[in-house]
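Take a look at the structure below.
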Amino acid sequence: MKKSFLLGLTLMTAVGTAAAQTNLTGAGASFPFPLYSKMFAEYKKATGVDVNYQAVGSGAGQKQITERTVDFAGSDNPMSDEALKAAPAKLLHLPTAIGAVVPAYNLPGVTVPLKFTGRVLADIYLGKITTWNDKALAALNPGVTLPPLPIMVARRSDGSGTTYVFSDYLSKVSSEWKSRVGVGNSLQWPTGTGAKGNDGVAGIVKSTPGALGYVELVYARQNRLPFGSVQNRAGKFVLADNGPASAAAQGVVIPADTRVSLTNSANADAYPITSFTYVIFYQDQKYGNRTEAQAKALKALLGWMTTTGQGYNEALDYARLPANVASKARGILNTMTYGGKKL
Amino acid sequence: MSEPAHRPTTRAALSSGSDRVFQVLILALASVIVLVFVLSVYQLGREAWPALHTFGWHFFTGRTWNPVEGKFGAASMIAGTLVTSLAALVISVPLAVASALFVAEYAPKWLANPVGYLIELLAAVPSVVYGLWALFVIAPVLGRWQTAYFLDPANVPTLTRCNQLWAEGQTSLQCFFVPSGAGGRGLALAVIILTVMILPYTASVARDVIRLVPADQREAMYALGATKWEVISRAILPYARAGILGGVILALGRALGETLAVAMVIGDSQEILKSLWGNASTVASVIANQFGDAQETLHRSSVVALGLSLFALSVIVNFAARLIIARLTPKGLQ
Amino acid sequence: MMRAAAVTSARPAARLSPVRRVKNLLMGALILLATLLVVAPLILIFVYLLREGLGALNLDFFTRTPAPEGEAGGGLLNAIAGSLEMLAMASVIGVLVGVAGGIFLAEYPRHPLMPTVRMLSDVLAGIPAIVMGLVAYSLIVLRFGFSGLAGALALGFLMIPIVVRTTEEVLKLVPLSVREAGLSLGLPQWVVILNIVLPAAAGGIVTGVMLALARVAGEAAPLLFTAFGNSSVNLDPTRPMSALPLEIYRGATSAYDENQRLAKAGALLLITLIFLTSLLARRASRVKR
């Protein structure tokens with residue numbers, strides 16, 4: 001019995017290695033996962049290249065690319081200067097889409113989208129506003145009967161780019177948030193129930209009356225969760241969508257390495273909790289036991305994601321890359337090398 | 001009987017040579033066990049060192065777990081681990097012992113075997129399946145009760161008072177039992193699911209020990225006219241007590257290290273516990289949630305230090321359990 | 001206990017005071033109730049999974065991989081293949097080291113290393129699975145990346161102590177006379193162990209291996225940081241692999257109905273396989289004794 005077992009094992013191994021020519025492993029942000037899983041499924045159909053992307057959170061993506069256990073990372077927040085310095089070689093950031101983080105909730109009986117301000121969201125996540133019929137929420141939403149339910153605050157338990165974007169926004173609009181909690185992938189949360197991934201937070205909101213959670217727009221749409229509008233810098237209440245998300249990038253100066261925050265945009269039509277989502281990878285692809293073929297496969301994939309692949313963005317509620325960013329992306333890809341040689 | 005074959009002195013030199021080869025081979029393979037242990041301690045120790053060195057004992061007593069500021073103290077999750085494990089033990093032990101008594105003393109044989117088997121199968125259910133069941137089946141039930149509590153106007157004064165206390169970071173005996181959220185998730189659900197998960201460990205050890213209680217112990221008391229319960233409470237349980245205790249400690253070891261089922265339901269909060277229904281975290285759940293993404297050296301090292309603590313704790317608990325089972329049970333169980 | 005019951009009924013009932021009789025009945029009832037409470041979760045879980053998961057255990061479930069997030073359809077072929085392959089690799093480690101360890105403990109009791117190996121094997125048995133995942137991560141993943149092999153190694157480490165313990169126990173059950181008969185024929189000790197003692201204990205060892213497999217087949221915690229997960233079928237052990245417990249974990253915490261559906265079906269499949277394995281293991285051990 002054991003013999004046939006071992007034989008089978010060897011066979012499987014042989015088959016595995018034969019097919020192991022072109023495949024890539026990525027890990028990170030769950031924010032773009034619905035988009036990436038669609039893109040990679042289509043890419044496999046078109047090219048046969050198998051891309052395995054695990055939505056373990058942006059923090060995990062950044063950690064894993066730093067430790068070189070994956071070919072590329074997904075992250076919604078660019079890596080900090082210190083983190084980049086700590087990496088063993090130069091990392092590049094490539095934006096692939098623009099997404100919006102929405103306050104999604106589960107309030108039976110409330111049918112119109114609620115209005116939120118950044119301050120109110122900060123107070124809810126600071127644990128200062130604890131019930132739905134709180135004065136501050138009632139004042140923002142005249143005419144809506146808010147139930148006396150406690151706000152079941154849902155947030156992330158893993159290191160998350162969505163958390164980074166959300167806390168980045170709250171820090172810009174609430175000084176108390178900035179001093180008490182701050183900005184980061186992982187925070188010391190004053191309150192709330194933690195769940196893994198955008199998917200996990202959406203799961204809590206979906207199953208719990210009274211819950212409020214911050215998730216990427218597509219998670220709210222696909223799971224049919226109601227979400228509120230958020231007041232932007234110009235004072236306008238904006239409901240997240242592709243247009244207002246694109247608007248957040250308009251007028252923002254995009255640096256050469258594309259590492260930039262889009263939250264609380266000055267654009268009057270912008271949705272305030274908006275961000276690029278990035279793919280992060282090494283500029284020089286020759287490390288570990290990577291082959292040139294793998295490096296080329298990665299470059300081809302990233303090129304596809306920022307051109308043809310953009311066609312999948314809007315159907316999944318992500319904004320396309322604006323033309324100026326797309327051209328910057330091409331420039332970044334062209335700097336990729338393998339052992340110093342241009343790819 | 002455990003004494004193995006004696007080496008006959010008249011063995012040929014040839015066979016002793018091949019014996020030596022075999023012994024070396026067996027020893028080499030068996031040494032993998034030692035190797036795994038040593039490597040584990042070494043790896044965990046090396047990676048945990050920066051955190052333990054930086055924070056010292058404060059790592060275990062500090063209440064702040066703040067990745068933004070790079071301050072790590074594990075008091076809240078150590079407390080979470082101890083509270084969930086001990087609470088689960090307190091609830092599960094009477095149930096487990098009762099079920100062991102049923103299988104060993106009450107049930108006829110045709111029933112005792114299947115029931116005993118079902119209890120053993122409880123131990124075979126994977127952690128993630130318990131977590132799934134807790135999230136999909138128990139959490140909504142608790143959540144409905146919590147929502148009803150909040151919507152009942154009669155509870156408003158209590159809630160207002162407790163909310164104030166909680167906001168100040170305090171709690172009272174009454175407020176500890178007042179629901180603080182409505183999702184069903186939290187410490188209470190973790191205790192419930194842990195209770196179910198550790199039941200079979202105590203139950204099967206208790207059953208084995210109870211079955212080993214000599215028949216004349218029982219018969220002597222029956223002959224004196226004792227009822228079944230009197231026999232159980234005065235002859236069987238005192239006799240089996242030590243063995244059951246061993247099983248309880250084994251179950252404690254399981255509870256301390258239980259990871260995913262707890263991580264899925266406990267709500268992940270590193271705040272000091274204010275309500276039984278509130279969110280909490282355990283050492284193991286924080287490892288599962290944060291190891292994958294802990295980037296900064298200190299954060300990562302702190303998570304590994306949690307792993308090292310868990311490692312040490314489970315070694316101690318297991319030793320205690322084995323010691324008690326070996327020392328205190330009547331001969332025959334080992 | 002039949003004997004005890006006979007004694008009870010033979011006893012004159014008139015001598016029992018009502019208080020004692022009521023107490024006896026009450027405690028009996030409580031014990032019955034407690035037993036029902038203990039067994040209930042198992043039955044509830046199984047019935048729940050049958051009701052919710054059976055419908056999703058269709059052909060697609062066994063032949064397809066998960067659909068892109070938010071789309072309907074798809075299956076868990078990636079997880080089934082990954083679980084099977086990792087368990088096969090883990091058994092190689094578990095059986096080799098575990099059986100050797102058991103032989104060492106049972107047949108070489110006077111070896112100076114014996115107490116250490118026995119103690120450490122017991123210690124390993126109590127180590128939380130997630131900690132084993134951390135160890136496998138820093139040992140293998142940091143050097144070679146996420147891989148099915150790393151996951152299998154973590155699972156194999158978890159199997160070792162279980163196999164050691166059962167192997168040692170059944171080897172000790174083989175009568176001394178069997179060994180002596182072999183040795184008196186002039187056979188070297190290793191021939192006696194491999195060709196006489198081990199075959200006699202084979203049933204028990206198989207039981208131990210199956211129990212160990214049943215135990216680790218449901219482990220997701222040590223795979224989180226090692227096998228990592230894979231959305232496609234991958235048989236190459238040097239690359240990330242999926243496993244049923246990993247997919248159940250992902251699906252159970254997901255908002256998507258489709259992921260939840262797959263998780264429930266996966267849980268039903270996993271739990272059924274584990275129950276069958278433990279049932280077979282129990283059968284094997286009963287036949288032997």
Side-chain angles (χ1 to χ4, degrees), chain B residues 2 4-5 8 15 18-19 22 26-27 29-30 32-34 36-37 39-40 43 47 95 98-99 101-102 105-106 115 118-119 121-122 124-126 128-129 131-133 135 137 196 199 218-219 222 225 227-229 253 257 259-260 264 284 287-288 291-292 304 307 310-311 314-315 318 322, chain C residues 1 4 7-8 11 15 20 23-24 27 31-32 34-35 37-39 41-42 45 48 96-97 100-101 103-104 107 109 117 120-124 126-128 130-131 134-135 138-139 157 160 172 179-180 183 188-190 214 218 220-221 225 245 248-249 252-253 263 267 270-271 274-275 278:
Chain B
S2 65
S15 71
S18 59
D19 264 349
F22 180 73
I26 287 290
L27 184 61
L29 283 172
V32 172
I33 296 167
V34 182
V36 169
F37 179 83
L39 277 178
S40 305
Q43 285 291 354
E47 292 196 30
L95 291 173
S99 74
L101 284 172
F102 180 79
E105 299 291 321
Y106 283 84
V115 171
L118 283 182
I119 294 173
L121 279 188
L122 267 181
V125 175
V128 280
V129 175
L132 182 149
W133 183 65
L135 279 185
V137 179
V196 176
L199 271 172
R218 299 182 178 85
E219 277 157 16
Y222 280 127
T227 64
K228 192 165 191 113
W229 170 246
T259 309
L260 285 183
M264 285 159 90
I287 299 176
F291 180 73
V304 179
L310 204 56
F311 185 98
S314 56
V315 169
N318 266 279
R322 285 184 203 288
Chain C
M1 39 221 114
V7 176
T8 318
R11 204 160 17 80
R15 269 165 53 192
R20 288 172 66 202
K23 196 170 177 189
N24 187 35
M27 291 318 285
I31 283 172
L32 181 66
T35 309
L37 268 178
V38 170
V39 182
L42 184 79
I45 289 174
Y48 174 76
L96 268 182
V97 179
I103 292 177
F104 181 67
E107 305 291 327
V117 172
L120 292 185
S121 169
D122 281 355
V123 166
L124 283 187
I127 287 175
I130 184 113
V131 176
L134 294 189
V135 172
S138 40
L139 280 182
F157 289 169
I160 290 172
K172 282 179 173 172
R179 279 167 249 243
E180 277 166 352
L183 291 174
Q189 196 184 0
W190 69 276
F225 316 126
I248 296 169
Y249 177 52
T253 53
L270 184 63
I271 212 173
I274 288 175
F275 285 179
S278 358

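It should be emphasised that the depicted structure is a prediction, and the values quoted were computed from it without experimental measurement. A note on names: the letters A, B, ... follow the listed sequences, proteins ahead of strands, and every chain is numbered from 1.
Interface remark: C/Phe104 contributes backbone and side-chain atoms alike to the contact with chain B (heavy atom separation under 4.5 Å). If you measure heavy-atom distances from B/Leu132 to chain C, the contacts under 4.5 Å come from both the backbone and the side chain. Of the two parts of C/Val117, the backbone and the side chain both hold a non-hydrogen atom closer than 4.5 Å to a non-hydrogen atom of chain B. For C/Phe157, the part lying under 4.5 angstrom from a heavy atom of chain B is the side chain only. For a residue to count as touching a neighbouring chain, one of its non-hydrogen atoms must lie under 4.5 Å from one of that chain's; by this rule B/Leu122 touches chain C with backbone and side chain alike. For a residue to count as touching a neighbouring chain, one of its non-hydrogen atoms must lie under 4.5 Å from one of that chain's; by this rule C/Val123 touches chain B with the side chain only. Both the backbone and the side chain of C/Ile127 come within contact range of chain B, judged by heavy atoms closer than 4.5 Å. The part of B/Thr259 that comes within reach of chain C is its side chain, from C-beta onward, which places non-hydrogen atoms under 4.5 angstrom from that chain. If you measure heavy-atom distances from B/Val34 to chain C, the contacts under 4.5 Å come from both the backbone and the side chain.
By the ring-ring contact (aromatic ring centres under 6.0 Å, His included) test, B/Phe291 is found to be paired with C/Tyr137, C/Phe225, residues two or more places apart in sequence or in another chain being considered.
Closest non-hydrogen pair, B/Ala30 versus C/Gly101, comes out as CB-CA, 4.0 Å. Contact detail for C/Ala100 and B/Ile26: the closest heavy-atom pair is O-CG2, 3.5 Å.
Within the model, atoms CD1 of C/Ile31 and CG of B/Leu101 stand 4.5 Å from one another, a figure rounded to the nearest 0.5 Å.
Considering only heavy atoms from C-beta on, C/Asp122 stays 4.5 Å or farther from B/Asn318 through its side chain. Side-chain atoms of B/Pro126 and C/Pro245, non-hydrogen and from C-beta on, never get closer than 4.5 Å to each other.
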